[in-house]
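Values in this document were obtained by computation on a predicted structure and should not be read as measured data.
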Amino acid sequence: MVGRMDVEVEFPGLEPATNARVGRTFLALKERGITPIYGPDRRAALETVTALIPKGSTVAHGSSTTLQEIGFVDLLRDPASGYRYLNAEWQAESDQTRRGRIRAKLSIEADYFLGSVQAISETGEVIGADQSGSRQAFYVYGPPHVIWVAGINKIVPNLESGLRRVREVALPLEDQRMKRQGGHGSSIGKLVIYERDRPGRITLVLVGETLGF
């Protein structure tokens, strides 16, 4: 975990300029009530996330390529994981109306809700976007613990460049992914700028790799 950010911190595996960017970003995040943790690669990120969540906890997550890439979704699907995996419970319901209600209830009551975001600015604002808002709803309110996992590719200089990244980088890639899976594509229905939160609720695990969109 990252310690004090008012002194120079070395992040393993990063070039000096990138190291400085991450340091600035982490300091700004902490000032806004978000706890930042650095993991040099996806394996370290998975170890960090599982260390943050006590065994026996109820766990839910939003759709996230990043969580899949670090192996967290596969871990949750294993009955021996030690967690109560809430996504599996609502996915077992065949009726779409009931399924939506169960999903909302279980997600908001989860001990831990996980997912990713589309942009993290060096000035501390974090940007999340969805077509339906199914992730942003629980990031904003409900679960006592929220964990974001994001690749280092999502760091941007400021809020303006973050909004541009959402529209010009994340959206086209997600749109392509949806179409490859036989869907109609994607769009931005809900866009949330996270300015600050109460300290201790949101943790950002930043991975020193290119992950997700």
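At least one side-chain heavy atom of Ile37 sits under 4.5 Å from a side-chain heavy atom of Leu52. With contacts defined as side-chain heavy-atom distances shorter than 4.5 Å, the pair Glu69/Thr210 does not qualify. Between Leu75 and Leu46, some side-chain heavy-atom pair lies under the 4.5 Å cut-off. Within the 4.5 Å cutoff, side-chain heavy atoms of Leu29 are placed close to those of Ile120. Contact check for Ile127 versus Leu159: side-chain heavy atoms found under the 4.5 Å cut-off. For the pair Tyr141 and Val146, the minimum side-chain heavy-atom distance is 4.5 Å or more. Here the side chains of Val22 and Leu206 are in contact, with some heavy-atom distance below 4.5 Å.
Between the side chains of Thr25 and Glu122, no donor-acceptor pair of N or O atoms lies under 3.5 Å. Looking only at atom types and distance, the side chain of Gln91 has no donor-acceptor partner in the side chain of Tyr85 under 3.5 Å away. With 3.5 Å as the limit, one finds no donor-acceptor pair spanning the side chains of Asn158 and Ser121.
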_Before you tell me yes or no, could you show the steps for Glu89 and Leu86 under side-chain contact (heavy atoms from CB on, under 4.5 Å), namely the whole-Å CA-CA distance, both residues' side-chain angles and the distance that decides it to 0.1 Å?_
CA-CA 5 Å; Glu89 296 183 23; Leu86 300 181; 3.9 Å; yes
*Are Glu174 and Ser186 close enough, and set up right, to give a side-chain hydrogen bond (donor to acceptor under 3.5 Å, both in side chains), and what steps lead you there?*
CA-CA 7 Å; Glu174 176 63 12; Ser186 189; 4.8 Å; no
*Between Arg167 and Leu191, does a side-chain contact (heavy atoms from CB on, under 4.5 Å) hold up when you go through it step by step?*
CA-CA 10 Å; Arg167 299 186 186 282; Leu191 191 150; 4.1 Å; yes
*Chi angles and distances behind the side-chain contact (heavy atoms from CB on, under 4.5 Å) call for Val59, Leu114*: CA-CA 8 Å; Val59 182; Leu114 293 92; 3.6 Å; yes
_Could you go through Val205 and Ile147, starting from their C-alpha distance and side-chain angles, then the distance that decides it, and tell me whether this counts as side-chain contact (heavy atoms from CB on, under 4.5 Å)?_
CA-CA 7 Å; Val205 179; Ile147 300 174; 4.2 Å; yes
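Counting Ile, Leu, Val, Met, Phe, Trp and Tyr side chains that sit under 4.5 Å apart, directly or through other members, Val169 shares a hydrophobic cluster with Leu173, Phe213.
A chain of hydrophobic side-chain contacts below 4.5 Å, direct or via other Ile, Leu, Val, Met, Phe, Trp or Tyr residues, connects Tyr112 to Val73. Two different hydrophobic clusters hold Ile193 and Val140 under the rule that ILVMFWY side chains link at heavy-atom gaps under 4.5 Å. Note on Val156 and Ile152: separate hydrophobic clusters, where clusters join Ile, Leu, Val, Met, Phe, Trp and Tyr whose side-chain heavy atoms are under 4.5 Å apart, directly or indirectly. Linking Ile, Leu, Val, Met, Phe, Trp and Tyr residues whenever their side-chain heavy atoms come within less than 4.5 Å places Phe26 and Ile202 in a single cluster. No continuous path of ILVMFWY side-chain contacts below 4.5 Å connects Leu106 to Ile53, so the two sit in separate hydrophobic clusters.
In this structure, the side chain of Tyr139 does not engage the main chain of Phe113 through any donor-acceptor pair within 3.5 Å. The backbone N or O of Thr50 lies less than 3.5 Å from a partner atom in the side chain of Tyr83, making a donor-acceptor pair. Distance alone, capped at 3.5 Å, places no donor-acceptor pair between the Asn19 side chain and the Glu10 backbone. Within the 3.5 Å criterion, the main-chain N or O of Asp78 finds a donor-acceptor partner in the side chain of Ser81. Remark: the backbone N or O of Arg42 is paired with a side-chain donor or acceptor of Glu209 at under 3.5 angstrom. Here the side chain of Asp197 pairs no donor or acceptor atom with the backbone of Gly33 at under 3.5 angstrom.
Going from atom CZ of Arg177 over to atom OG1 of Thr65 covers 4.5 Å, rounded to the nearest 0.5 Å. Distance OG/Ser63 to CD/Gln68: 6.5 Å, rounded to 0.5 Å. Of the inter-residue distances, the one linking His184 atom NE2 with Gln131 atom CD reads 10.0 Å to the nearest 0.5 angstrom. Atom NE2 of His61 sits about 13.0 Å away from atom OG of Ser116, to the nearest 0.5 Å. Atoms CG and OG, on Asp175 and Ser187 in that order, are 8.5 Å from each other to the nearest 0.5 Å. Here the CG atom belonging to Leu27 is positioned 11.5 Å from the OG1 atom belonging to Thr123, to the nearest 0.5 angstrom.
What you find for Ser64 and Leu67 is that their closest heavy atoms are OG-N, 3.0 Å. Looking at every heavy atom in both residues, Ala119 comes nearest to Arg165 through CB-CD, 4.4 Å. Nearest heavy atoms, Ala129 versus Gln136: N-NE2, 3.4 Å. The minimum heavy-atom distance linking Asn153 with Leu211 is given by the pair OD1-N, 3.0 Å. Shortest non-hydrogen contact noted between Arg201 and Phe138 is NH2-O, 3.2 Å. Nearest heavy-atom pair, Ala45 versus Val207, reported as atom, atom and distance to 0.1 Å: CB-CG2, 3.5 Å.
Between Trp148 and Tyr194, the gap from one ring centroid to the other is short of 6.0 Å.
No more than 12 heavy atoms of other residues, nucleotides or ligands shown are found within 6.0 angstrom of CD on Glu15. More than 12 heavy-atom neighbours from other residues, nucleotides or ligands sit within 6.0 angstrom of CD on Glu47.
Residues Glu93 and Arg103 are not paired through a salt bridge, judged by the lack of any N-O separation under 4.0 Å between the basic side chain and the carboxylate. The pair Glu125-Arg32 counts as a salt bridge, with a side-chain nitrogen and a carboxylate oxygen less than 4.0 angstrom apart. Ion pairing of Lys190 with Asp130 is absent here, as no side-chain N (NZ or NE/NH1/NH2) approaches a carboxylate O to less than 4.0 Å.
Cation-pi contact between Arg99 and Trp90: absent, since separation from the ring centre below 6.0 Å together with deviation from the ring axis within 45° is not met.
Checked against Val149 for a side chain to side chain contact (heavy atoms under 4.5 Å, CB included), the options Val117, Thr66, Thr48, Thr203 give a single hit: Thr66.
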